Q: 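Could you have a look at this structure, given as C-alpha cells, before my questions?
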2 protein chains.
Amino acid sequence: MPRKRATIREVAQATGLSPAAVSYALRGMQVSEETMERVRAAAAELGYEADPIARALASGRTNMIGLLCGSLEDLWQQSLAVGISRGLREKDRYALILDAVGDPARERALAQQLRDQRVDGMIVQPVDPAAPFWSELCESLPVVAIGDSLAGTAGEVVFDNRRGVTLALEHLHAMGHRRIALLTPTMTSTPDRPADVLVTAEADRLGLDIVVATAPHGLAAATDAAHRILDAHRPSAVFCFADSIAYGVYAAAAELGLSIPGDVSVMGYDNHPMSSLLTPGLTTVDWDIDGIVRAAVRLMSAAADGGARRRRVVQQPTLRERGSVGHAPTVGGA
Amino acid sequence: MPRKRATIREVAQATGLSPAAVSYALRGMQVSEETMERVRAAAAELGYEADPIARALASGRTNMIGLLCGSLEDLWQQSLAVGISRGLREKDRYALILDAVGDPARERALAQQLRDQRVDGMIVQPVDPAAPFWSELCESLPVVAIGDSLAGTAGEVVFDNRRGVTLALEHLHAMGHRRIALLTPTMTSTPDRPADVLVTAEADRLGLDIVVATAPHGLAAATDAAHRILDAHRPSAVFCFADSIAYGVYAAAAELGLSIPGDVSVMGYDNHPMSSLLTPGLTTVDWDIDGIVRAAVRLMSAAADGGARRRRVVQQPTLRERGSVGHAPTVGGA
DNA sequence: CCGTATCACTGAAACGGTTCACAACCTTGA
DNA sequence: TCAAGGTTGTGAACCGTTTCAGTGATACGG
C-alpha cells in the first residue's frame, strides 16, 4: 500500500509548531537551532519530503532547467546533453531535454513550451540565433546560450568559430588542398548560415575554392548528402562542420570506393570520442566538451540562483590531427 | 515586459462564467458547444494557457515521465533515450532523463527522486532488476521496464537475450573460435550478472572456453579493460555485451598492434549506427532500436492514461555480420 | 401534470506548500 | 525604566488549477 505521503501540516502537528515554522525550519531560516533539530527529527520520523509541485506553485521555482538542443541526431550534442544533464543533477536540478531537430519553427515552439512548463531557466544551442523571440524569452527567464551569441542572455558559452575554421582551413591549405567541399548541418529554412559565411570568407583569404552543401546529422542521411557532393564535385577534401556529418563522408567514400585520405581528405569539427576510432582517425577541430559542460552548468546555476550577472565564456579550439587529412593529389603537371 | 500570464479567473471574468466552467470547457467536458467556443475565443484573446504546475497540484498528474537509464555512457542507450524522449514529446509528455551510471544504489536513489518529483510514470532500464524496491515502486506508479523483467510492472519490453547470446556464440563457434573472452558492462556491486550466467551456460553447451571480465561503457575506460584482458588471456575472440565496449576492444587492439579479425575477432551486442563505420565493420547482435522505442512509448502512454493492463513485448535479435569476426587461427596441429 | 433524468453551470473546498505582516518575548543601551 | 531592536514563531492569504456536491433549468416518460 503506497499510503499517502506526509504533509507539512502533519509535521507541524507532530512538533506542535505552525506549518509556517516547519517550512522555515526545513529550509534553515528564521528559527532557533533547537526547533530546527526537532523539526528535522519529526520530518525524518514521518518520512516527510516536501512536495515539489506544491512548492513550485507557491514559490514559483521548479528546480527544472530546460535544455533545448539544436539536433540530438548529432552524437556530439548527445554527449553534451548527457553531460549537462548530469551536471545539473549534481546541483539538485533536473534537466528537461528537448530536441529542435534543426528546425527554427520547432525551436521556437519548444522554447515556448518550456517556458509554459515553468522551468527556472534554459540552456540553448540556438538553431536560429537571429530569431526575434529570443530577446523576449531572455526577459522572462535566465537563458544560457551555447555556441552562438544571443541578445540578452544571462550567460554565453561561445565558440571561437573563426579560429576553429581558420585552424581547419589552414591545415587543409598546408596539405595542398585547393578544391574543398563544405558540409554544414542542415537546418530547415534558416535564412543565413553563419558557418557558411565564416568559412567562405576564410577560404577567400587563403585562395581556396569552396563548394557549399548541407547534410543532416543522421548517419544514413548524411551519407546520402556526402555521396552526392563527392559524386558531383570530386573535391580533394571535404570539411564537415560536425563530426557526425564526417561519419557520413566515411560511409559515402566506402560506397564509392574512395580511400581516405588517398582519394579524398576529411576534416571534422567537434571531436566526438568515436572519431579517434575510425580508420583512418578523423582529423578534427577539438572543442573541449567537458569545459563546455562545466561552463554551461556553472553559468546556469548562477543565473537561476539570482546572480544573473551577464557572463560570457569563450571556448578555444585545438586541431586534432589524425589520419583523415593527407596531402592533396598533385593534379596535372609540375 | 513579461507581464504576468492570464489566469483562469480572468478568462472566467471575460466570459462571464465561473472558473470551473472554463476549466471544463477548455478540456471539452460537460459544457455546451456554444460556451466552449466562447471560452476558447476568450482564452486565445487573452493568451491564456493553463499553468502546468497548478494543474499538476490539483489533478495529481504532471505529464512528465521519468526515464531512468542504466548508463548513458553507452552510446546505444543514448540513442534509446533520445528516441524515447522524442516519442513521449509527440504524445505531449516530457521525459525526465536520469542516468544511474551502472550503480544500483544510485538507481534506487534516482527512482525515489523521480517518484518524489511526481512523474506520471517511469521507463527504466534496470541496473539491478532483482532489487526489492522495484515492486514497491510499481505499486505507486506505472513502470515500463526495458531489457529486463521487473515484478509488478505495467509493461515490459524484454530482450530475448538467450537467443541473442546463442546467435553470437554459435557464430563464433562456427568460425572456429573456442577460447573466448566475455566483456560485460561494469555495474557497481550487482550481486549476480544475468548476462554472465546466460553466456557461460550457452558456452558450456557449445563446448566453448569462456573467460569473463567487465568493462565500463566509456571509451577510455573500456579500452583499458579490453587491453588487460587481451594481454592476459589472448582469446581468439572477444564477445562484448555492448557495442560501446567493443569500441574499446578496437582501440585496445590498435594499441597492442593486433589486427581485427586477423589476430582477434570481436563480437558486439546492440548494433549502434557507428558500428557499421568501423574498419572492419563490427559484427554484432542487432536489436531493432526503433521497435524498442516505439514499444516503450506505447506501453508507457497506455499505462499512464490509466489503461494499466500489464503488457509484455519481447524483442527478437538478428545477427548482423560485418567483418570483425573471422576464422579462428588454427593453432597447433591438424 | 408530476416525478425523474439530463444538461449546463456554480460555489467552495481541496491540492500542499510559501510568504507577508504582525505579535510576543527577550535583550540591550541610555 | 523605557524605547528600540532583534529573535522566534504565528495566522492567514495566496499560488492557479481541478473536482465534488449541488442547483436551476429544460426535456421526457407515464
Side-chain angles (χ1 to χ4, degrees), chain A residues 2-40 42-43 46-64 115-120 140-141 305-306, chain B residues 2-40 42-43 46-64 115-120 140-141 305-306:
Chain A
R3 83 178 173 302
K4 279 181 62 62
R5 44 200 280 180
T7 79
I8 201 172
R9 271 173 256 269
E10 303 180 41
V11 179
Q13 194 140 27
T15 53
L17 291 168
S18 69
V22 174
S23 174
Y24 286 130
L26 289 174
R27 284 172 302 149
M29 316 161 51
Q30 291 210 18
V31 289
S32 69
E33 272 306 326
E34 188 237 327
T35 309
M36 229 156 97
E37 218 29 72
R38 233 173 63 225
V39 170
R40 263 198 250 285
L46 289 150
Y48 170 76
E49 198 76 41
D51 181 343
I53 303 292
R55 170 171 287 176
L57 181 60
S59 71
R61 275 165 243 121
T62 56
N63 272 1
M64 293 200 292
R115 213 203 36 176
D116 287 346
Q117 195 66 20
R118 285 275 147 89
V119 293
D120 290 347
S140 65
L141 46 72
D305 286 343
Chain B
R3 85 178 173 302
K4 279 182 61 61
R5 44 199 281 181
T7 78
I8 203 173
R9 269 176 262 269
E10 304 179 41
V11 179
Q13 193 142 26
T15 53
L17 292 168
S18 70
V22 174
S23 174
Y24 286 130
L26 288 174
R27 283 173 302 151
M29 315 162 49
Q30 293 209 18
V31 289
S32 70
E33 273 304 327
E34 188 237 327
T35 310
M36 230 157 98
E37 218 28 72
R38 232 173 63 224
V39 170
R40 262 199 249 286
L46 289 150
Y48 170 77
E49 198 77 39
D51 181 343
I53 302 294
R55 169 171 289 175
L57 181 60
S59 72
R61 274 165 246 122
T62 55
N63 272 1
M64 293 200 291
R115 212 203 37 176
D116 288 346
Q117 196 65 20
R118 285 275 147 90
V119 293
D120 290 347
S140 66
L141 47 73
D305 286 343

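As the structure is a computational prediction, the values presented were derived from the model and not from experiment. No hydrogens, no waters, no symmetry mates; every other heavy atom, side chains included, goes into these values. To find a chain, count down the sequence lines: A is the first, B the second, and so on, and within it residues start at 1.
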Q: Quick one: A:Asp51 CG to C:dA14 P, roughly how many Å, whole number?
A: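 Going from A:Asp51 (CG) to C:dA14 (P), I get 17 Å.
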Q: Less than 4.5 Å apart, any side-chain heavy atom of B:Arg5 and any of A:Arg115?
A: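 When only atoms from C-beta onward are counted, A:Arg115 and B:Arg5 do not touch, as no gap falls below 4.5 Å.
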Q: Does B:Tyr48 have a side-chain nitrogen or oxygen under 4.0 Å from the phosphate oxygens OP1 or OP2 of D:dG16?
A: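 No, outside the criterion.
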Q: Could you tell me which residues satisfy salt bridge (Lys or Arg N to Asp or Glu O under 4.0 Å) with B:Glu34, sequence neighbours excluded, listed by chain and number?
A: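 Per chain and number, B:Glu34 pairs via salt bridge (Lys or Arg N to Asp or Glu O under 4.0 Å) with B:Arg38.
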Q: Can you tell me how far P of D:dC15 sits from CZ of B:Arg55, to the nearest Å?
A: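 Between P of D:dC15 and CZ of B:Arg55: 18 Å.
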Q: Using a cut-off of 4.0 Å on non-hydrogen atoms, how would the nucleic acid contact of A:Arg118 be classed: base, sugar-phosphate, or nothing?
A: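 The answer is nothing, as A:Arg118 stays clear of every strand by at least 4.0 Å.
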Q: Quick one: A:Leu57 CG to D:dA13 P, roughly how many Å, whole number?
A: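 It is 17 Å, rounded to the nearest whole Å.
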Q: Could you give the angle between the helix axes at the two ends of the helix from C:dC1-D:dG30 to C:dA30-D:dT1, with five pairs per end, rounded to 10 degrees?
A: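 Result, rounded to 10 degrees: 40°.
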Q: Which nucleotide in the list C:dG17, D:dT19, D:dG11 gets nearest to the side chain of B:Ser23?
A: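 Nearest to the side chain of B:Ser23 among the choices is D:dT19.
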Q: Collect all protein-nucleotide pairs involving nucleotides 5-9 of chain D in which both atoms are nitrogen or oxygen and the distance is under 3.5 Å.
A:
| residue | atom | partner | partner atom | Å |
| --- | --- | --- | --- | --- |
| D:dG9 | OP1 | A:Thr35 | OG1 | 2.6 |
| D:dG9 | OP2 | A:Ser32 | N | 3.3 |
| D:dG9 | OP2 | A:Thr35 | OG1 | 3.1 |

Q: Return the set of residues passing side chain to side chain donor-acceptor pair (under 3.5 Å) with B:Ser59 (not counting sequence neighbours), or none when no residue passes.
A: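 Side chain to side chain donor-acceptor pair (under 3.5 Å) list for B:Ser59, sorted by chain: empty.
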Q: Which nucleotide in the list D:dT17, C:dT18, C:dG17 gets nearest to the side chain of B:Arg9?
A: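 The closest nucleotide is D:dT17.
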Q: Nearest heavy-atom pair of B:Leu26 and B:Ala43: which atoms, and what distance?
A: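 Minimum heavy-atom separation between B:Leu26 and B:Ala43: CD2-CB, 4.3 Å.
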Q: How many whole angstroms separate atom CG of B:Asp116 from atom C1' of C:dG16?
A: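 B:Asp116 atom CG is separated from C:dG16 atom C1' by 14 Å.
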Q: With a 4.5 Å heavy-atom cut-off, do A:Arg9 and A:Gln13 have their side chains touching?
A: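 No, every pair of side-chain atoms sits at 4.5 Å or beyond.
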Q: Holding to side-chain contact (heavy atoms from CB on, under 4.5 Å), I want the full list of residues that pass it with A:Asp120, two or more places apart in sequence or in another chain.
A: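 A:Asp120: side-chain contact (heavy atoms from CB on, under 4.5 Å) contacts with A:Arg61, A:Thr62, A:Asn63, A:Ile65, A:Arg93.
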Q: Can you figure out which of D:dT10, D:dT17, C:dG17 approaches the side chain of A:Ala58 most closely?
A: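 So the nucleotide nearest the side chain must be C:dG17.
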Q: Looking only at the side chain of B:Ala20 (C-beta and beyond, no hydrogens), which of the listed nucleotides D:dT17, C:dT18, D:dT19 gets closest?
A: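 My answer, after comparing the listed nucleotides, is D:dT19.
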Q: Nearest-Å distance, CE (B:Met29) to P (C:dC9)?
A: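 After rounding, the gap between these two atoms is 14 Å.
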Q: Using residues 46-56 of chain B as the side-chain source, report each donor-acceptor pair under 3.5 Å to any protein atom, sequence neighbours left out, with the distance given to one decimal.
A:
| residue | atom | partner | partner atom | Å |
| --- | --- | --- | --- | --- |
| B:Asp51 | OD1 | B:Ile53 | N | 2.7 |
| B:Asp51 | OD2 | A:Arg118 | NH1 | 2.4 |

Q: Rounded off to whole Å, could you give me the CZ-to-P distance for the A:Arg5 and C:dG16 pair?
A: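 Computing the A:Arg5:CZ to C:dG16:P distance gives 9 Å.
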Q: Check the distance between C:dC15's P and A:Ile8's CD1 and give it to me in whole angstrom.
A: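 For the pair A:Ile8 CD1 and C:dC15 P, the rounded distance is 15 Å.
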Q: Tell me whether the OP1 or OP2 atom of C:dT19 has a side-chain N or O from A:Arg61 closer than 4.0 Å.
A: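 So the side-chain polar atoms of A:Arg61 do come within 4.0 Å of the phosphate oxygens OP1 or OP2 of C:dT19, strictly under.
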Q: Of all the heavy-atom pairs spanning A:Ala12 and A:Pro19, show the shortest one and how long it is.
A: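 Minimum heavy-atom contact is CB-N, 3.6 Å.
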Q: Check every atom of C:dT18, C:dG17, D:dG16 against the side chain of A:Arg27 and return the nucleotide holding the closest atom.
A: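 Of the options given, the side chain of A:Arg27 lies nearest C:dT18.
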Q: How close or far is atom C1' of D:dC14 from atom CD1 of B:Ile53, stated in whole angstroms?
A: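 Atom CD1 in B:Ile53 sits about 16 Å away from atom C1' in D:dC14.
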Q: When rounded to the nearest 0.5 angstrom, what is the spacing between CE in A:Met29 and CE in A:Met36?
A: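 Between atom CE of A:Met29 and atom CE of A:Met36 there are 11.0 Å.
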